[in-house]
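Here's a structure for you.
Everything quoted here is computed from the prediction, not taken from an experiment.
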Amino acid sequence: MTDLTTPVRGRAFTVAADAVRAHERKLVALSHSLHAEPETAMCEHKSAAKIASLAEGAGFEVTRGVAGLPTAFVAAHGTGELVVALCAEYDALPGIGHACGHNVNGAASVGAALGLAAVADLLRITVKLIGTPAEEDIGGKALLLEAGVFDDVAAALMAHAAPEDSVGASSLAVGAWDVVYRGRPSHAALAPWEGVNALDAITLAHTAVGLLRQQLPPGTLVHDVVFEAGHAVNVIPEKARARYELRARTIEDLAYARRRVQACLEGAALATGAGLELASHGADFADLRQDEYLTAAYTRAVRALGREPVDRRGEVMASTDMGNVSHVLPALHPTIGYDTEGAHHHTAPFARYGNSPGADRAVLDAAIALAHVGVELATDAEQRKRCLDLLAGRRAATASPG
């Protein structure tokens with residue numbers, strides 16, 4: 001059995017970084033290709049195929065369409081007991097493309113997986129590149145977690161594109177409903193009293209939630225958008241559709257907000273006589289809990305590359321389905337920065353910088369840093385044991401009846 005000592009770590013660092021750099025042209029080309037052909041949640045067929053094919057060509061065993069999600073996949077390399085996962089994102093936003101930088105995220109995870117694959121036998125690890133669709137919508141990681149794709153994973157890693165380098169931040173828990181009010185149509189002038197106005201219902205709901213905001217805990221947010229509320233001005237609207245999204249500092253606060261908002265929606269139905277249909281939109285995202293050891297290892301790795309990440313521990317960013325993973329196993333989700341001239345996530349200007357030289361460097365630096373985290377974890381006897389013990393505990397809890 002290999003003795004995973006400091007010399008082994010140093011050699012593994014070098015081999016992994018060299019492997020990433022050897023694939024630089026392919027990784028940058030992948031990032032640019034994803035950026036040039038943005039695909040939205042659950043429609044990322046070309047994007048998933050590009051990444052899966054690259055991994056397959058590098059010797060990974062690829063399984064496509066895992067967990068019943070056509071654009072999800074798993075690419076595995078190695079046979080070691082310590083399974084290190086790299087989460088690859090690749091969905092874009094409607095209308096504005098890769099305005100969250102997922103082309104950078106995905107390419108960086110691929111690069112890290114290739115780097116760790118080069119030392120998998122030396123470190124006695126299995127590298128698992130997980131293609132995670134629909135982060136911007138229904139939460140692919142949450143669905144894959146529920147389906148058991150992470151059941152053998154001891155630690156999960158990724159880095160997210162951003163205007164700055166940062167480590168340690170949390171995220172808001174988030175959940176969404178698709179809301180439908182059904183009324184009864186009638187002529188708006190001749191017999192309005194015969195109708196049940198779905199537009200009135202959605203207006204009352206919007207107003208009630210607006211008044212509720214003052215009584216919600218700090219950090220709890222509610223936002224909504226109306227998709228449909230009638231089609232002709234002289235017909236009482238019989239149907240109104242909206243989506244409500246709730247964010248909170250913790251998954252517990254999110255559950256509380258759901259109860260309060262649901263009461264507002266039900267009250268609007270009662271007041272107008274309209275029927276109410278509520279359907280969860282995708283999975284709830286939990287708040288992000290980043291592993292302290294993995295965060296420290298990543299910080300050391302990016303500093304060695306000439307970057308100085310901002311420590312964001314205690315701060316909250318937007319929302320991510322990586323939060324769900326982090327509630328179950330050690331997880332890492334820093335940001336890798338490049339110049340966007342002040343543009344922020346989820347804007348068209350931010351998207352324009354996703355294939356810039358700075359973004360290309362971010363792909364390579366994040367890949368090398370994440371690979372170094374995997375090497376450090378695998379060669380730290382105490383931390384390796386911690387992650388494997390946590391994994392054993394999860395398996396024992398799952399196997400226990402009741």
Side-chain angles (χ1 to χ4, degrees), residues 40-41 93-96 99-100 134-139 142 170-186 188 192 195-233 235-288 315-321 323-324 344-347:
T40 55
L93 287 156
I96 51 177
C100 208
E135 191 275 341
E136 298 290 357
D137 191 9
I138 60 174
S170 183
S171 69
L172 294 171
V174 63
W177 273 313
D178 287 320
V179 179
V180 178
Y181 286 103
R182 296 192 183 276
R184 184 171 59 248
S186 66
V196 174
N197 197 318
L199 173 58
D200 285 353
I202 215 156
T203 301
L204 280 176
H206 181 84
T207 302
V209 170
L211 294 172
L212 171 67
R213 286 188 176 97
Q214 184 181 4
Q215 274 70 52
L216 291 174
T220 301
L221 305 168
V222 186
H223 20 280
D224 64 316
V225 63
V226 177
F227 298 123
E228 176 187 349
H231 300 285
V233 71
V235 178
I236 298 295
E238 66 175 314
K239 181 181 178 183
R241 292 189 303 114
R243 181 168 299 154
Y244 275 76
E245 189 170 74
L246 297 78
R247 299 179 193 258
R249 289 189 177 275
T250 66
I251 199 72
E252 293 80 14
D253 282 352
L254 180 66
Y256 172 78
R258 271 194 179 277
R259 293 194 296 272
R260 297 298 306 275
V261 171
Q262 184 170 349
C264 293
L265 301 177
E266 291 172 346
L270 179 64
T272 59
L276 171 63
E277 299 171 11
L278 281 181
S280 293
H281 183 80
D284 283 358
F285 291 13
D287 48 300
L288 179 63
E315 300 181 30
V316 177
M317 54 183 186
S319 302
T320 171
D321 55 2
N324 300 58
H344 294 288
H345 294 100
H346 289 212
T347 65

Near H346 NE2, under 6.0 Å, is it more than 12 heavy atoms from other residues, nucleotides or ligands?
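It does: H346 NE2 has more than 12 such atoms within range.
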Could you check whether any side-chain heavy atom of L212 comes within less than 4.5 Å of a side-chain heavy atom of V222, counting everything from C-beta outward?
no
R182/K239 under side-chain contact (heavy atoms from CB on, under 4.5 Å): CA gap, chis, key distance, verdict
CA-CA 5 Å; R182 296 192 183 276; K239 181 181 178 183; 3.8 Å; yes
What is the distance from atom CD of E315 to atom OG of S170, rounded to the nearest 0.5 Å?
10.5 Å
Minimum-distance pair of heavy atoms, taken over all atoms of I236 and R184
CG2-O, 3.9 Å
Provide the closest heavy-atom pair for A198 versus G183 in the form atom of the first, atom of the second, distance.
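Looking at all heavy atoms of both residues, the closest pair is CB-N, 4.1 Å.
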Would you sort out whether L276 and L278 count as a side-chain contact (heavy atoms from CB on, under 4.5 Å), showing the intermediate values?
CA-CA 7 Å; L276 171 63; L278 281 181; 4.3 Å; yes
What's the separation between atom CD in E135 and atom CG in D137, rounded to the nearest 0.5 Å?
10.0 Å
To the nearest 0.5 Å, how far apart are CG in L199 and CD in E228?
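With rounding to 0.5 Å, CG (L199) is 11.0 Å from CD (E228).
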Check salt bridge (charged side-chain N to carboxylate O under 4.0 Å, His left out) between E266 and all other residues, then give those that pass, not counting sequence neighbours.
none
Main chain of F285, side chain of D321: is a donor-acceptor contact present, judged purely on distance under 3.5 Å?
no
Nearest 0.5 Å please: distance from the CG atom of L265 over to the CD1 atom of I202.
9.0 Å
With side chains defined as the heavy atoms from C-beta onward, is the minimum distance between D178 and R241 less than 4.5 Å?
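Sidechains of R241 and D178: no contact.
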Under a 4.5 Å cut-off applied to non-hydrogen side-chain atoms, are R249 and T220 in contact?
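The answer is no, as the side chains (C-beta and beyond) never meet within the 4.5 Å cut-off.
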Closest non-hydrogen atom pair, V209 against C264:
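Shortest heavy-atom separation between V209 and C264 comes out as CG2-CB, 3.9 Å.
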Side chains of H206 and V226 in contact at under 4.5 Å (non-hydrogen atoms):
no
If you round to the nearest 0.5 Å, how far is CD of E238 from CG of N197?
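Those atoms lie 11.0 Å apart.
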Has S171 got a side-chain atom pairing as donor or acceptor with D287's backbone, closer than 3.5 angstrom?
no
Does the pair W177 and L246 meet the rule for a side-chain contact (heavy atoms from CB on, under 4.5 Å), with working shown?
CA-CA 9 Å; W177 273 313; L246 297 78; 4.2 Å; yes
Decide yes or no on side-chain contact (heavy atoms from CB on, under 4.5 Å) for T272 and Y181, but give the supporting numbers first.
CA-CA 10 Å; T272 59; Y181 286 103; 5.5 Å; no
Got a second to check how far I96's CD1 is from T40's OG1, nearest 0.5 Å?
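Those atoms lie 12.0 Å apart.
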If you take all heavy atoms of C100 and L93, which pair is closest and at what distance?
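For C100 and L93, the tightest heavy-atom pair comes out as N-CD1, 4.3 Å.
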Which donor-acceptor pairs under 3.5 Å do side chains of residues 253-260 form with protein atoms, sequence neighbours excluded?
| unit_1 | atom_1 | unit_2 | atom_2 | d |
| --- | --- | --- | --- | --- |
| Y256 | OH | R260 | NH1 | 2.9 |
| R258 | NE | D284 | OD2 | 3.4 |
| R258 | NH2 | D284 | OD1 | 2.7 |

Check this for me: does any side-chain nitrogen of one of E245 and R243 sit under 4.0 Å from a carboxylate oxygen of the other?
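No.
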